[in-house]
Amino acid sequence: MIPAVDLVLLTGFPGFIGRRLASRLLETDPDVRVVALVEERMLEAAKTAAREIDANRIELLAGDIASPRLGLDDTEYERLRAEVRRVFHLAAIYDLAVPLTLAQRVNVEGTGNIVDLCATAAALERFVYVSTAYVAGKRTGVVYEHELVMGQDFKNHYESTKFQAEVWVREYMELVPTTILRPAIVVGDSQTGETQKFDGPYFILRALAEAERTHRPLPSFGRADAPFNVVPVDFVVAAIVAAAGDPLAVGHTLHLVDPEPLSAHQLTLALAKEFGARKPRGRIPPGVVASALKLDYVRKRFGGTPPESLAYLNHPVRFDTRRTVSLLSPHGLRPPTFTDYAGAMVRFFGEHEDDPAFVPGGKV
């Protein structure tokens, strides 16, 4: 018997995407009730987020994806197995400098534990796994949505463990009704600019701000022609919800990326224009910048930007989106052009540039 309530299990709450996803799910369907699996250390933040969204429809369940049976007692675990209808697995360590052992435990073993639940969940209608476009690792050229294991190497342990996790998810796709979503670098809301941390392309804004303070033009430090793929969080959340409710998305992998990404140089120019900064002039080899960011005082000056992030400004890869476009177009979804929301992104950065809460973090 299918439960009367549409019970959704969500990991990654109250993270940047998870919090917005919970809100969107509740807005979309009045019958939805969200069970958010939350680590003990995140419970207070999760309680605050739940109150701001709808505490009556969000149940917080203390647990740990990296523990067997999700760290739950038998009663709670069996309740989920019997009643959960959709599972959204977002929790992961997103830190580009994460040590392998920690990344393996959370990103790989944690995903395996979620898959174990899904494989025996009696009422499960959909498992939605949020992977990353960067399971492509160091591949260049065009990467297609159906591809995964292509003999690629990886830039960091984040990429390699997300790759391993997706391999695990795919092995169960014939048994579990699954949709895999691969976002590119997720930035703030396309309308408000709101974000949770300043990483990825926000390094460029940090550098622009520093250049303006010293009255010098910013030199380019990315490969001029390399596509730099970013996508706003509101599109990502809308796409997750649409795909989760579309029967045609079962068994498919979707690239949530910009089909026509700007190059690293073009993106820097767009941000400089919105920032009111001088146009970038000259070029510093990326290796020099990465080496400088290994120094504590330099890294702190640029808001904790990890040197590993520079690789994404210099990686000539494009992500095919034909399956994503085919599935999401009937839902009226297509990622906005970066220049349409660069202004909102810059405004939000300017309002919160000195707030330590926006220094890049890790596990969500």
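Worth knowing before you read on, the calculation uses all heavy atoms, side chains too, and leaves out hydrogens, waters and symmetry mates.
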- Message: Working note: E44 + K47, criterion salt bridge (Lys or Arg N to Asp or Glu O under 4.0 Å); need CA distance, chi angles, decisive distance, verdict.
- Response: CA-CA 5 Å; E44 286 307 313; K47 288 176 183 177; 3.4 Å; yes
- Can you list the steps and then say if H89 with V128 is a side chain to side chain contact (heavy atoms under 4.5 Å, CB included)? CA-CA 6 Å; H89 180 40; V128 178; over 6 Å; no
- Task: Evaluate the criterion side chain to side chain contact (heavy atoms under 4.5 Å, CB included) for residue pair L10 and V35; output intermediate values, then yes/no.
- Result: CA-CA 6 Å; L10 172 64; V35 175; over 6 Å; no
- Check against side chain to side chain donor-acceptor pair (under 3.5 Å), D246 and H331: CA-CA 9 Å; D246 192 332; H331 298 275; 3.0 Å; yes
- Decide side chain to side chain contact (heavy atoms under 4.5 Å, CB included) for Y94 and V186; before the verdict, give the C-alpha distance in whole Å, the side-chain angles of both, and the deciding distance to 0.1 Å. CA-CA 11 Å; Y94 294 91; V186 181; over 6 Å; no
- In sequence, state the C-alpha distance, the side-chain angles, and the governing distance for Q152 and E159, and then conclude on side chain to side chain donor-acceptor pair (under 3.5 Å). CA-CA 11 Å; Q152 65 266 46; E159 289 186 349; over 6 Å; no
- Task: Kindly indicate, with the supporting measurements, whether the criterion side chain to side chain contact (heavy atoms under 4.5 Å, CB included) is fulfilled by Y172 and D116.
- Result: CA-CA 9 Å; Y172 279 78; D116 284 346; 4.3 Å; yes
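In this structure, R20 pairs ionically with E194, as a charged nitrogen and a carboxylate oxygen lie closer than 4.0 Å. We find that D6 and R86 are joined by a salt bridge, their nearest charged nitrogen and carboxylate oxygen being less than 4.0 Å apart. We find that E59 and R79 are joined by a salt bridge, their nearest charged nitrogen and carboxylate oxygen being less than 4.0 Å apart. The residues E274 and R347 are annotated as not salt-bridged, no charged nitrogen and carboxylate oxygen being separated by less than 4.0 angstrom. Comment: R105 engages D64 in a salt bridge, judged by a side-chain N to carboxylate O separation of less than 4.0 angstrom. Salt bridge present: R69 and E78 bring a charged side-chain N and a carboxylate O closer than 4.0 Å.
In the hydrophobic cluster analysis, where Ile, Leu, Val, Met, Phe, Trp and Tyr join through side-chain heavy atoms closer than 4.5 angstrom, L43 is grouped together with F13. Tracing side-chain contacts under 4.5 Å through hydrophobic residues (I, L, V, M, F, W, Y), one never reaches V167 starting from V108; they form parts of separate clusters. L175 and L124 fall within a single hydrophobic cluster, where Ile, Leu, Val, Met, Phe, Trp and Tyr side chains are chained together by heavy-atom contacts under 4.5 Å.
The shortest distance between side-chain heavy atoms of S23 and E27 falls below 4.5 Å. At least one side-chain heavy atom of Y312 sits under 4.5 Å from a side-chain heavy atom of L96. Using a 4.5 Å heavy-atom cutoff, the side chains of T253 and R182 are in contact. Side-chain contact between L26 and I53 is present, with at least one heavy-atom pair separated by less than 4.5 Å. A 4.5 Å side-chain heavy-atom check between I17 and V233 finds at least one atom pair inside the cut-off. Contact of the L102 side chain with the V106 side chain is registered, since non-hydrogen atoms from C-beta on lie closer than 4.5 Å. For the pair M345 and P201, the minimum side-chain heavy-atom distance is below 4.5 Å.
Residues D234 and S190 bring a donor and an acceptor atom of their side chains to less than 3.5 Å of each other. Between the side chains of R126 and T179, at least one donor N or O lies within less than 3.5 Å of an accepting N or O.
The line from CG of L327 to OG1 of T321 is 11.5 Å long, rounded to the nearest 0.5 Å. Distance CZ/R81 to SG/C118: 11.5 Å, rounded to 0.5 Å. Between the OG1 atom in T192 and the CD atom in E351 there is a gap of 9.5 Å [rounded to 0.5 Å]. Note that OG1 of T11 and CG of L61 are 12.5 Å apart. Values are rounded to the nearest 0.5 Å. To the nearest 0.5 Å, the span separating CG on L269 from OG1 on T339 amounts to 12.0 Å. Note that the CG atom of L60 and the CG atom of L37 stand 10.0 Å from one another [nearest 0.5 Å].
Taking every heavy atom of both residues into account, I65 and A91 meet most closely at CD1-CB, 3.9 Å. Between Q196 and P14, the closest heavy-atom pair is NE2-O, 3.7 Å. The two residues A242 and L333 make their nearest non-hydrogen contact at CB-CD1, 3.7 Å. In terms of heavy-atom proximity, L205 sits nearest to F275 at CD2-CD1, 4.0 Å. Here the closest non-hydrogen pair linking P336 and F235 is CD-CB, 4.4 Å. Closest of all the heavy-atom pairs between T195 and G188 is CB-CA, 3.9 Å.
In this structure F163 satisfies the ring pair (Phe, Tyr, Trp, His ring centres under 6.0 Å) test together with F154, sequence neighbours excluded. Considering only residues two or more places apart in sequence or on other chains, F228 meets the ring pair (Phe, Tyr, Trp, His ring centres under 6.0 Å) condition with none of them. A search for ring pair (Phe, Tyr, Trp, His ring centres under 6.0 Å) contacts involving F127 returns nothing, not counting sequence neighbours. Among residues two or more places apart in sequence or in another chain, the salt bridge (Lys or Arg N to Asp or Glu O under 4.0 Å) test is passed with E353 by R213.
Ring geometry for F198 against F348 counts as perpendicular: the plane angle is over 60°, on a 0 to 90° scale with 30° as the lower cut.
A donor-acceptor pair is defined here as one N or O able to donate and one able to accept, closer than 3.5 Å; such a pair exists between the side chain of T178 and the backbone of V176. A donor-acceptor contact shorter than 3.5 Å is absent between the side chain of K162 and the backbone of A92. A donor-acceptor pair under 3.5 Å is formed between the side chain of T214 and the backbone N or O of A211. At least one donor-acceptor pair closer than 3.5 Å links the side chain of T111 to the backbone N or O of N107. Put simply, the side chain of N113 gets close to the backbone of E109: a donor and an acceptor are under 3.5 Å apart. Between the side chain of R57 and the backbone N or O of V32 there is at least one donor-acceptor pair closer than 3.5 Å.
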Check residues 131-150 and write down every donor-acceptor pair under 3.5 Å in which the side-chain atom is one partner and the other belongs to a residue at least two apart or another chain.
residue : atom : partner : partner atom : Å
S131    : OG   : E166    : OE1          : 2.7
T132    : OG1  : Y134    : N            : 3.1
R139    : NH1  : E147    : OE1          : 3.0
R139    : NH2  : E147    : OE1          : 2.9
E145    : OE1  : R323    : N            : 3.0
E145    : OE2  : H255    : N            : 3.0
E145    : OE2  : T324    : N            : 3.2
E145    : OE2  : T324    : OG1          : 2.3
E147    : OE1  : Y144    : N            : 3.0

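A ring-ring contact (aromatic ring centres under 6.0 Å, His included) check over residues 35-88, counting only residues at least two apart or in different chains, returns nothing.
Around atom CZ of R278, more than 12 heavy atoms belonging to other residues, nucleotides or ligands sit under 6.0 Å away.
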